[in-house]
Amino acid sequence: MKPSHIEHLGIAVTSLESTIPFFEFLTGSKCYSIEEVADQKVKTAFFKVGQTKIELLEPTCPESTIAKFIEKNGGRGGVHHVAFNVDNVAEALKECEAAGLQLIDKAPRKGAEDLMIAFLHPKSTCGVLTEICEQPK
Ligand code: ZN
């Protein structure tokens with residue numbers, strides 16, 4: 001796998017509304033997009049730091065994996081995943097599988113911002129939930 005850069009850092013938060021002002025301060029940039037991703041049961045908010053983004057993730061229901069993550073973190077949010085940008089997610093997935101990594105997604109699916117995304121299991125990525133993503137063509 002040869003990612004071009006870190007596409008974004010995913011950070012779980014209990015409330016977008018109460019954390020957006022802090023991240024606008026931290027990144028020195030306005031939140032430029034708020035989007036609900038229904039199949040992941042999250043609402044996302046994006047900020048730019050150079051070519052890397054910060055993706056805030058707020059759960060939309062208690063069954064959301066983000067809600068469970070926050071619960072495990074003692075009710076606080078925290079860094080949830082790191083996303084690497086690649087040219088082709090499907091090919092990168094094949095490479096990861098061949099290297100013996102455990103895949104959460106066997107095939108790319110659509111994520112926020114129309115990216116094609118796939119997750120690798122933290123069990124095989126040093127405990128860091130890892131996303132690989134591809135820009136919309
Ligand atoms: Zn992400």
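Both ligands and their constituent atoms are indexed starting at 1 by order of listing. Because the structure is a prediction, the values reported are computed rather than measured.
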- Query: Out of the N/O/S atoms in Glu55, what is the name of the one closest to the Zn ion (ligand 1)?
  - Reply: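 Among the N, O or S atoms of Glu55, the one closest to the Zn ion (ligand 1) is OE1.
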
- Can you tell me if His8 uses its side chain to pair, donor with acceptor, with the backbone of Gly10 under 3.5 Å? no

- Mind checking whether the Zn ion (ligand 1) has an N, O or S of His80 under 2.8 Å?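 No.
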
- Can you tell me the angle formed at the Zn ion (ligand 1) by OE1 of Glu131 and NE2 of His8, to 10°?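 Nearest ten degrees: 100°.
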
- Task: Flag Glu7 as yes if one of its N/O/S atoms falls below 2.8 Å of the Zn ion (ligand 1), otherwise no.
- Result: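 No, since none of the N, O or S atoms of Glu7 sits under 2.8 Å from the Zn ion (ligand 1).
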
- Query: Does atom NZ of Lys53 have more than 12 heavy-atom neighbours, drawn from other residues, nucleotides or ligands, at distances under 6.0 Å?
  - Reply: yes

- Query: Do Glu7 and Gln135 meet the criterion of a side-chain donor-acceptor pair at a distance under 3.5 Å?
  - Reply: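 Side chains of Glu7 and Gln135: pair found under 3.5 Å.
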
- Under 3.5 Å donor-acceptor, Glu55 side chain and Leu9 backbone: no

